[in-house]
Amino acid sequence: MTGITPVTGITPVTGAAPSPATFGSGGGEPYTRALQNSGLLRLVADDRLVDTAVMDVRRWSSGADATDMSLIEEGSGPLLDIGCGPGRMVAAALTIGYAALGVDVSQAAVDLARRSGIPALRASVFDTLPHEGEWMTVLLVDGNIGIGGDPSALLRRCAELLSATGCALVEVHNDPQLDRSFDCRVVGDDGTASDLFPWSEIGVTALERRASGAGLRVSESWQRQGRSFARLMRS
């Protein structure tokens, strides 16, 4: 795998589940720990750090910044945030008058969102969700196009969730051509590691290729403050 650097000091995981886990789950539960302690997380594949994947959970737990808000304003309500974490993007959507809901597989993340009054549902995007086919905006930010390790399957699911005139707003890798899937772990500041789970990274050119198979097309792409985004509409 390219674009990765060695990482040491990872606490071995015992009793890992034989089937693929979800982001940061299992093992030492580093994602839950980071949510509780506002720590850093690293995304590690084959004992190497994925090049862009040092994640500051404090940003996820803080309010939306100017770039986040500008992305929200590219869409409309009702809005569904897939992999919402503690819910900052849902909260931002609510502040400008959208109906909005977050979904996340992490109970800890959903609990944090709900304690802040943010509507969130513990579920996988691949579960049956409320108002399928009626969402005007589906969000995949903070690398969440990687959920499940199969962007094509995730994009097909987004197409099912969207209304006929809706859009998916996707944060993509800054390398337009990048398209890679891999098994990895999340590792916390204390060295505790999650079980292995499938993940993907994808740039906008690769996203265009995959979107066509899901009945979607990239209608616009842009960069703000070092982050890259794309809007997907129905073909």
Side-chain angles (χ1 to χ4, degrees), residues 20-26 29-32 34-35 41-43 50 52-62 64-65 67-68 71-72 75 78-94 98 100-114 116 118-132 135 137-162 166-173 181-182 184-186 194-195 197-202 207 210 214 227-230 232:
T22 56
F23 178 90
S25 66
E29 294 288 350
Y31 180 38
T32 296
L35 287 169
L41 295 173
R42 297 170 293 164
L43 197 62
V50 179
T52 58
V54 177
M55 296 165 274
D56 188 347
V57 176
R58 290 171 297 184
R59 186 175 74 82
W60 299 346
S61 301
S62 300
D65 62 20
T67 301
D68 292 332
L71 182 64
I72 292 288
L79 176 148
L80 180 68
D81 184 7
I82 297 170
C84 65
R88 82 179 191 285
M89 299 297 280
V90 178
L94 294 172
Y98 296 172
L101 175 69
V103 295
D104 203 289
V105 293
S106 166
Q107 186 66 59
V110 168
D111 288 345
L112 282 172
R114 289 175 174 171
S116 298
I118 299 166
L121 176 67
R122 186 188 182 189
S124 164
V125 62
F126 297 104
D127 294 337
T128 300
L129 296 176
H131 307 297
E132 295 205 8
W135 298 98
T137 305
V138 167
L139 284 185
L140 285 166
V141 298
D142 301 325
N144 284 339
I145 186 64
I147 289 172
D150 185 347
S152 295
L154 182 55
L155 291 171
R156 288 193 296 271
R157 181 63 177 133
C158 289
E160 294 172 349
L161 293 166
L162 284 170
C167 72
L169 298 175
V170 182
E171 185 167 1
V172 293
H173 196 280
S181 298
F182 48 92
C184 57
R185 303 182 195 275
V186 163
S194 73
D195 289 343
F197 61 94
W199 200 248
S200 295
E201 293 184 318
I202 188 168
L207 183 72
R210 288 184 178 267
R227 297 166 67 186
S228 298
F229 304 96
L232 299 176

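Quick caveat, the model's predicted, so the values are computed rather than measured. Here, residue 1 is the first one in the sequence, and each next residue gets the next number.
Residues meeting the side chain to side chain donor-acceptor pair (under 3.5 Å) test with D142, sequence neighbours left out: R59, R88. Residues that satisfy the ring pair (Phe, Tyr, Trp, His ring centres under 6.0 Å) test with F23, not counting sequence neighbours, are Y31, F197, W199. Residues meeting the side chain to side chain donor-acceptor pair (under 3.5 Å) test with T67, sequence neighbours left out: none. Among residues two or more places apart in sequence or in another chain, the salt bridge (charged side-chain N to carboxylate O under 4.0 Å, His left out) test is passed with R157 by E132, E160. Applying the side chain to side chain donor-acceptor pair (under 3.5 Å) rule to D65 yields no partners; only residues at least two apart in sequence or on another chain are considered. Under the salt bridge (charged side-chain N to carboxylate O under 4.0 Å, His left out) criterion, E171 pairs with R227, sequence neighbours left out.
Nearest heavy atom pair, residue V90 against residue P119, reads CG1-O, 3.9 Å. The shortest non-hydrogen separation linking S124 to V105 is CA-CG1, 3.8 Å. Looking at every heavy atom in both residues, T22 comes nearest to S25 through O-OG, 2.9 Å. Taking both residues in full, the closest heavy atoms of A214 and A159 are given as O-CB, 3.6 Å, listed atom of the first, atom of the second, then distance. When all heavy atoms of R114 and R122 are compared, the closest pair comes out as NH2-N, 4.1 Å.
At least one side-chain heavy atom of L79 sits under 4.5 Å from a side-chain heavy atom of I72. By the 4.5 Å heavy-atom criterion applied to side chains, P86 and L35 are counted as neighbours. When side chains are defined from C-beta on, P130 counts as touching L121, because their heavy atoms get closer than 4.5 Å. Inter-residue side-chain proximity for S181 and P151 is flagged as met; some heavy-atom pair is nearer than 4.5 Å.
Going from atom OG of S228 over to atom CG of L207 covers 11.5 Å, rounded to the nearest 0.5 Å. The distance from the OG atom of S200 to the CZ atom of R210 is 6.5 Å, given to the nearest 0.5 Å. We find the CZ-SG distance between R42 and C184 to be 13.0 Å, quoted to the nearest 0.5 Å. To the nearest 0.5 Å, atom CG of residue L161 and atom CD1 of residue I82 are 5.5 Å apart. Atom CG of residue L101 and atom CD1 of residue I118 lie 11.5 Å apart, to the nearest 0.5 angstrom. Rounded to the nearest 0.5 angstrom, D195 CG and R185 CZ are separated by 7.0 Å.
In this structure, S194 contributes its side chain and V186 its backbone to a donor-acceptor pair below 3.5 Å. Of the possible donor and acceptor atoms, none in the side chain of D104 sits under 3.5 Å from a partner among the backbone N and O of A109. A distance-only check finds no donor-acceptor pair linking the side chain of Y98 to the backbone of T137 [under 3.5 Å].
Checked against L140 for a side-chain contact (heavy atoms from CB on, under 4.5 Å), the options V125, L154, V172 give a single hit: L154. Across V170, V138, L139, a single residue satisfies side-chain contact (heavy atoms from CB on, under 4.5 Å) together with C158, and that is V138.
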**Study point:** Residues L155, I145; criterion side chain to side chain contact (heavy atoms under 4.5 Å, CB included); working and verdict
**Key:** CA-CA 8 Å; L155 291 171; I145 186 64; 4.1 Å; yes
